[in-house]
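Read the structure below first, then the notes.
Per chain, numbering begins at 1; letters A, B, ... match sequence-line order. Just so you know, these numbers come straight off a predicted model, no measurement behind them.
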There are 2 protein chains.
Amino acid sequence: MHQDLASTALAPCLPRKQQAPAATCPELANYLPLGDNELTRLMAIARPVPVAAHRRLFLDGEPADDTFLLSSGAVRTFRLLPDGRRLITAFMFEGDFLGFTVDGRYEFAAETITPARLCRIPRRRLDALLDDCPRLRNALLHFATEELRLAQDHMVLLGRKSATEKLASFLLHLARRHARDGRTTEPMQVPLPMTRGDVADHLGLTTETVSRTLTQLRATGAIDIPSLRSVTVLHPGALAALADGG
Amino acid sequence: MHQDLASTALAPCLPRKQQAPAATCPELANYLPLGDNELTRLMAIARPVPVAAHRRLFLDGEPADDTFLLSSGAVRTFRLLPDGRRLITAFMFEGDFLGFTVDGRYEFAAETITPARLCRIPRRRLDALLDDCPRLRNALLHFATEELRLAQDHMVLLGRKSATEKLASFLLHLARRHARDGRTTEPMQVPLPMTRGDVADHLGLTTETVSRTLTQLRATGAIDIPSLRSVTVLHPGALAALADGG
DNA sequence: CGATGGCTTGACATTCATCAATGTATGTGG
DNA sequence: CCACATACATTGATGAATGTCAAGCCATCG
């Protein structure tokens, strides 16, 4: 079902020398607090990669040859158990770094959910650049730290929250993230690019429970569900109260 | 119940200038692959802190003024929900770094489980040292990365494993960790410094379920439980098979 | 030696998973 | 453009895993 990315979306990028002006990733500037010089050097090694929906970017355990900046679209990162059970460790959106590792192997698999644009940064070159670019190093360290913080939050969610609390927390998280990136509509309409099954595999539930719990949340008036792929947060306060059993 | 550390164990360290030869942390050398020069500089800012059992080291959200290296004993790191539910994000042992953060606030709370010895490293001085000590920076980055990898593993455990799988995974993890640090006995006897309640709060279960599941595991012959605070892994293969439903 | 906290075991309750049927959106080929 | 196929979503009925409540046991520590 899932084609390997290397043979499809990434392939067109490999023969870089043929196109006279190599494509660049100007959007890097939007996500990294860097000086002109550092940005120029980073852009020199980054290449834009458009990827279709539902394509695998990499698998966990593979050599981590590239780091990616996601500049549009949504990605899921996950781990599988031998029998196929899946846990989606995170959903990634515009501005997130993906696949940055220090020990040379990806720690999770990643697939696009929607069509996406990525900036692909070869690891060897990035490492070299990091050596004398403290601000970039710092920026990546901040991303890694944030990732760890989110992982801690999520462990609490997975280990100690009820289905309702899980959904409320998740929707709030999505809403905040969406507000952070883009525009804040009132009432806040939040896109849900992932399926109910994806949500279930992120929250440690089943599709059915996600569906039922969303229906219940709608019944409380905290949210509305105008379409399958979006949720309107009508009452953030109520949702926040539900999110940790307050 | 839990006294604040600052008023007790840490206090003797604060007036550093009074003791003629300031105490040092020679054990840092055991855990960090550093050159003599870097090690000397790190030891110059690190101070040993003995801490009794069941003392709080810090709370999540507090200013992260110190980073610690745990040189003996066991520590639990955790988060609390407003109503008191607890999730223990990790157990820390000899050689683990604790409280290293980039944004100035601790991301979780930490308490000793047993009496412990810590090397306390003031954050401001550590940051300064990191700026021109790439190997130390690299070592800390590796620790942070490892922490993230463990967090991913644990999310899979919390979200997708049964009680039996959780306990089997946990015991294997402890056994491997113990083998890595210290000596490997045959059959492998693994200390369990934490209570059943701690284990439950780490695995997203209740004390009762932990107790029952351990009894079941013993019945399978995979482990023995010679005392409340230790487990003997009789059949690592069987335990590994149980750990992910293989 | 008694008290306290931790552990185990049992009976029962509850949440959520499972199984099953139906409904709905999406995309494709005729 | 429509009809169909497919994947996804919802809803209901049922069951299993685990939580809750309760009692008693055991170990440790003053």
Side-chain angles (χ1 to χ4, degrees), chain A residues 1-2 52-54 76 81 83-88 111 113-115 157-168 170 191-219 223-231 242 245, chain B residues 1-2 52-54 76 81 83-88 111 113-115 157-168 170 191-219 223-231 242 245:
Chain A
M1 179 187 283
H2 296 291
H54 305 295
R76 58 184 173 229
L81 287 174
D83 63 2
R85 279 174 290 177
R86 180 178 68 159
L87 190 107
I88 293 183
E111 291 168 355
I113 293 176
T114 64
L157 179 150
L158 290 169
R160 283 291 176 242
K161 292 192 180 180
S162 70
T164 303
E165 289 166 348
K166 285 175 175 182
L167 261 301
F170 175 64
L192 283 181
M194 69 293 289
T195 67
R196 301 289 188 264
D198 286 338
V199 175
D201 282 351
H202 184 51
L203 303 182
L205 298 169
T206 59
T207 311
E208 294 93 329
T209 300
V210 169
S211 183
R212 278 187 250 269
T213 307
L214 283 176
T215 306
Q216 286 170 22
L217 283 178
R218 184 176 46 188
I223 64 169
D224 191 20
I225 308 175
S227 81
L228 273 182
R229 290 289 179 269
S230 75
V231 161
L242 287 170
Chain B
M1 180 187 281
H2 297 289
H54 304 293
R76 56 183 175 230
L81 286 174
D83 63 2
R85 279 174 289 177
R86 181 179 67 160
L87 190 107
I88 294 183
E111 291 168 352
I113 293 177
T114 64
L157 180 149
L158 290 168
R160 283 292 176 240
K161 291 190 180 181
S162 70
T164 303
E165 289 166 346
K166 285 175 176 182
L167 261 300
F170 175 64
L192 284 182
M194 69 293 289
T195 67
R196 302 289 187 266
D198 286 338
V199 175
D201 281 351
H202 185 50
L203 303 182
L205 298 170
T206 60
T207 312
E208 295 92 329
T209 301
V210 168
S211 182
R212 279 187 249 269
T213 307
L214 283 176
T215 306
Q216 286 169 24
L217 283 178
R218 184 177 46 189
I223 64 168
D224 190 20
I225 308 175
S227 81
L228 272 181
R229 290 288 179 272
S230 75
V231 162
L242 287 170

Checklist entry - Got a sec, which residues hit salt bridge (charged side-chain N to carboxylate O under 4.0 Å, His left out) with B/R160, two or more places apart in sequence or on another chain? => result A/D201
Item to check | Protein-to-nucleotide contact annotation, 5' to 3' order, nucleotides 24-30 of chain D [B base; S sugar-phosphate only; - none; under 4.0 Å, heavy atom] | outcome: -------
Next on the checklist: Under the rule for side chain to side chain donor-acceptor pair (under 3.5 Å), what residues qualify as partners of A/R85, not counting sequence neighbours?
Outcome noted: A/D83, B/E165
Checklist outcome for this item: In whole angstroms, the gap separating P of C/dG5 from CZ of B/R229 amounts to 15 Å
Item to check | Five-pair end axes of the helix from C/dC1-D/dG30 to C/dG30-D/dC1 and the angle they enclose, rounded to 10° | outcome: 40°
Item to check | Rounded distance in Å - CG (B/L157) to P (D/dT18) | outcome: 12 Å
Checklist entry - Any side-chain heavy atom of B/L81 within less than 4.5 Å of one from A/K161? => result yes
Checklist entry - For B/R196 and B/L228, which heavy atoms make the closest approach, and how far apart are they? => result NH1-O, 3.0 Å
Next on the checklist: Does a side-chain N or O of B/S211 approach OP1 or OP2 of C/dT9 to a distance below 4.0 Å, or not?
Outcome noted: no
Checklist entry - Can you give one letter per nucleotide of nucleotides 11-18 of chain C, going 5' to 3': B for a protein heavy atom under 4.0 Å from the base, S for sugar-phosphate only, - for none? => result B----SSB
Next on the checklist: Suppose we screen for side chain to side chain donor-acceptor pair (under 3.5 Å). Which residues come up paired with A/K166, at least two apart in sequence or across chains?
Outcome noted: none
Below 3.5 Å, can you tabulate the donor-acceptor pairs from side chains in residues 210-218 of chain A to any protein atom, sequence neighbours excluded?
residue: A/T213; atom: OG1; partner: A/T209; partner atom: O; Å: 2.6
residue: A/T215; atom: OG1; partner: A/S211; partner atom: O; Å: 2.9

Checklist outcome for this item: Between A/L87 and B/G159 the two heavy atoms that sit nearest each other are CD1-CA, 3.7 Å
